[in-house]
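First the structure, in the form of structure tokens, and then the observations on it.
Counting begins at 1 with the first residue of the sequence.
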Amino acid sequence: VRTERINEAALMVDRCLARQGDSPGLLLRKASLLGLQARFREASEVLLDLNRQLPRRQAIVRRLVLVHEQMREIEQAEA
């Protein structure tokens with residue numbers, strides 16, 4: 001049930017992005033949802049773009065750190 005709701009939310013955010021364009025708030029939500037779906041590389045790309053547009057925003061940097069920690073843990077587990 002939780003996975004279905006996350007997928008529904010991701011679809012809703014994608015629809016909003018298509019209608020309203022790439023607003024920072026929607027992109028931040030998209031990155032968060034990608035992280036919940038364990039799509040860390042995609043989340044990282046969205047967050048890195050956001051960080052370039054809006055440097056030093058705490059919410060963006062915090063999520064970027066979390067995503068990179070998750071990616072590092074996965075790499076260590078694979079090694």
Side-chain angles (χ1 to χ4, degrees):
V1 173
R2 183 172 182 228
T3 303
E4 291 174 17
R5 290 186 183 224
I6 292 170
N7 290 336
E8 289 172 14
L11 288 172
M12 187 182 322
V13 167
D14 285 340
R15 277 188 245 128
C16 290
L17 284 167
R19 281 190 219 137
Q20 299 174 13
D22 292 345
S23 76
L26 286 173
L27 289 171
L28 194 57
R29 285 179 182 87
K30 179 179 177 116
S32 296
L33 288 165
L34 288 168
L36 288 172
Q37 294 172 323
R39 296 165 57 187
F40 301 118
R41 292 231 186 273
E42 294 170 67
S44 174
E45 291 172 14
V46 171
L47 290 166
L48 286 170
D49 287 341
L50 265 175
N51 193 47
R52 284 185 202 104
Q53 294 171 21
L54 305 166
R56 298 186 185 147
R57 294 285 172 104
Q58 188 175 6
I60 296 168
V61 173
R62 188 179 317 125
R63 283 176 179 84
L64 194 53
V65 168
L66 289 172
V67 165
H68 282 271
E69 285 176 356
Q70 290 295 320
M71 288 170 41
R72 185 178 51 210
E73 287 176 14
I74 290 171
E75 289 173 1
Q76 288 175 349
E78 290 174 347

Are [Y] and [X] co-members of a hydrophobic cluster defined by side-chain heavy atoms under 4.5 Å apart?
| X | Y | result |
| --- | --- | --- |
| Met71 | Leu36 | yes |
| Met12 | Leu33 | no |
| Ile74 | Leu48 | yes |
| Leu54 | Val13 | yes |

How long is the straight-line distance from [atom2] of [Y] back to [atom1] of [X], given to the nearest 0.5 Å?
| X | Y | atom1 | atom2 | result |
| --- | --- | --- | --- | --- |
| Cys16 | Leu11 | SG | CG | 11.0 Å |
| Lys30 | Leu50 | NZ | CG | 11.5 Å |
| Leu66 | Phe40 | CG | CZ | 10.0 Å |
| Gln53 | Leu27 | CD | CG | 7.0 Å |
| Asn51 | Ile60 | CG | CD1 | 6.0 Å |
| Arg19 | Asp14 | CZ | CG | 11.5 Å |

Looking only at heavy atoms, what is the nearest atom pair of [X] and [Y], with distance?
| X | Y | result |
| --- | --- | --- |
| Asn7 | Gln37 | OD1-NE2, 3.0 Å |
| Ser44 | Leu64 | O-CD1, 4.1 Å |
| Ala43 | Ala31 | CB-O, 3.6 Å |
| Gln20 | Leu26 | OE1-CD1, 3.5 Å |

